[in-house]
Amino acid sequence: QVQLVESGGGLVQAGGSLRLSCAASGRTYSPYAMGWFRQAPGKEREFVGTMLRSSGNTYYGDSVKGRFTVSRDNAKNTVYLQMNSLKPEDTAVYYCAAVPRYCSLLGCRGPSAYDYWGLGTQVTVSS
């Protein structure tokens, strides 16, 4: 079994930055991609960004493009989400997830492609 644990959430003022971490543990696992999603109260889970394991290519949701960056440290089995220029509308629970098999650029944006999920970390941006 694979466990994903997010950390780094908290309260930040608008315009500030946070870096989230997602540590993977458990059996040896090489997912096709590691992604980040977020969910605000009363809203559907939203795609934030994902990184393909083999190429390192990254893809982002339109609402965060240019402000958020996904990166990784393979030695630590950790994926990061650097969030800059935060806005109050970025307030949500942020989830890390892993997809085990190929997904298209469109498919990798959907939560149904991801088999493993962390429990989430709360990010609150005050105005």
Side-chain angles (χ1 to χ4, degrees):
Q1 188 71 0
V2 175
Q3 292 84 37
L4 302 177
V5 179
E6 304 97 336
S7 61
L11 174 64
V12 64
Q13 288 188 332
S17 299
L18 279 176
R19 189 177 79 156
L20 306 183
S21 300
C22 172
S25 62
R27 66 176 176 88
T28 301
Y29 181 59
S30 297
Y32 178 77
M34 294 287 295
W36 289 92
F37 290 79
R38 66 186 183 185
Q39 189 164 18
K43 295 188 176 181
E44 293 186 352
R45 194 160 293 192
E46 178 188 9
F47 171 73
V48 174
T50 197
M51 172 178 276
L52 305 188
R53 181 178 179 87
S54 59
S55 65
N57 290 344
T58 52
Y59 305 96
Y60 299 95
D62 289 341
S63 62
V64 306
K65 199 173 297 182
R67 299 187 297 123
F68 290 13
T69 303
V70 179
S71 62
R72 66 185 177 187
D73 184 333
N74 287 337
K76 296 182 178 180
N77 279 335
T78 300
V79 176
Y80 304 97
L81 180 67
Q82 177 67 42
M83 305 184 294
N84 298 328
S85 302
L86 283 161
K87 306 174 181 180
E89 51 264 44
D90 294 319
T91 295
V93 177
Y94 283 71
Y95 298 92
C96 170
V99 56
R101 66 193 67 82
Y102 169 81
C103 52
S104 65
L105 287 180
L106 181 61
C108 281
R109 294 171 177 264
S112 62
Y114 294 77
D115 280 3
Y116 297 99
W117 291 83
L119 295 179
T121 185
Q122 176 72 45
V123 171
T124 303
V125 184
S126 63
S127 57

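The shown structure was predicted, so the numbers you read here are calculated from the model rather than taken from an experiment.
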Next on the checklist: For A98 versus L4, what's the shortest heavy-atom pair and its separation?
Outcome noted: N-CD1, 3.8 Å
Next on the checklist: Please say yes or no: joined through hydrophobic side-chain contacts below 4.5 Å, possibly via intermediate residues, are F47 and L105 part of one cluster?
Outcome noted: yes
Checklist entry - Hey, is NZ on K43 packed in by over 12 heavy atoms from elsewhere, all under 6.0 Å? => result no
Checklist entry - Are Q39 and Y95 side-chain neighbours, meaning at least one heavy-atom pair lies under 4.5 Å? => result yes
Checklist entry - At their closest point, which heavy atom of A40 faces which heavy atom of A92, and how far apart are they? => result N-CB, 3.9 Å
Checklist entry - Is there a donor-acceptor pair closer than 3.5 Å between any side-chain N or O of R45 and the backbone N or O of G110? => result no
Next on the checklist: With a 6.0 Å cut-off (strictly less than), is the heavy-atom count around CG of L119, excluding the residue itself, greater than 12?
Outcome noted: no
Item to check | Ion pair check, D90 and K87, cut-off under 4.0 Å | outcome: no
Next on the checklist: With rounding to the nearest 0.5 angstrom, report the CD to OG distance, Q3 to S25.
Outcome noted: 4.5 Å
Item to check | Validation row: W36, E6 side chains within 4.5 angstrom (heavy atoms) | outcome: yes
Next on the checklist: For the CZ atom of R72 and the OG atom of S21, what is their distance to the nearest 0.5 Å?
Outcome noted: 15.5 Å
Checklist entry - Can you check whether V70 reaches Y59 side chain to side chain, under 4.5 Å on heavy atoms? => result no
Checklist entry - Do L18 and Y80 share a hydrophobic cluster (ILVMFWY, side-chain heavy atoms under 4.5 Å, transitive)? => result no
Checklist entry - Can you name the nearest heavy-atom pair linking S127 to P88, along with the distance? => result CB-CG, 3.9 Å
Checklist entry - Can you find a pair of side-chain heavy atoms, one from S63 and one from E46, that are under 4.5 Å apart? => result yes
Checklist entry - Below 4.5 Å, heavy atoms only, C-beta onward: do P100 and P31 meet side chain to side chain? => result no
Checklist entry - Can you find a pair of side-chain heavy atoms, one from L20 and one from M83, that are under 4.5 Å apart? => result yes
Checklist outcome for this item: So OH of Y60 and OG1 of T69: to nearest 0.5 Å the spacing works out to 4.5 Å
Checklist entry - Any side-chain heavy atom of R101 within less than 4.5 Å of one from D115? => result yes
Next on the checklist: Tell me whether the rings of Y102 and Y32 are parallel (<30°), tilted (30 to 60°) or perpendicular (>60°).
Outcome noted: perpendicular
Checklist entry - Is Y114 reaching over with its side chain to a backbone N or O of C108, donor-acceptor style, under 3.5 angstrom? => result yes
Next on the checklist: If we count only N and O atoms by modelled type, under 3.5 Å, do the side chains of N84 and S17 hold a donor and an acceptor together?
Outcome noted: yes
Item to check | Single-linkage hydrophobic cluster, 4.5 Å side-chain cutoff, V123 and L81 together | outcome: yes
Item to check | Whether Y94 and F68 hold their rings parallel, tilted or perpendicular, with breakpoints at 30° and 60° | outcome: tilted
Checklist entry - Can any side-chain N or O of T91 pair as donor or acceptor with the backbone N or O of E89 at less than 3.5 Å? => result no
Item to check | Closest heavy-atom pair and its distance - V64, V48 | outcome: CG2-O, 3.3 Å
Next on the checklist: Using every non-hydrogen atom in the two residues, find where M34 and T50 come nearest and quote the distance to one decimal.
Outcome noted: O-OG1, 3.0 Å
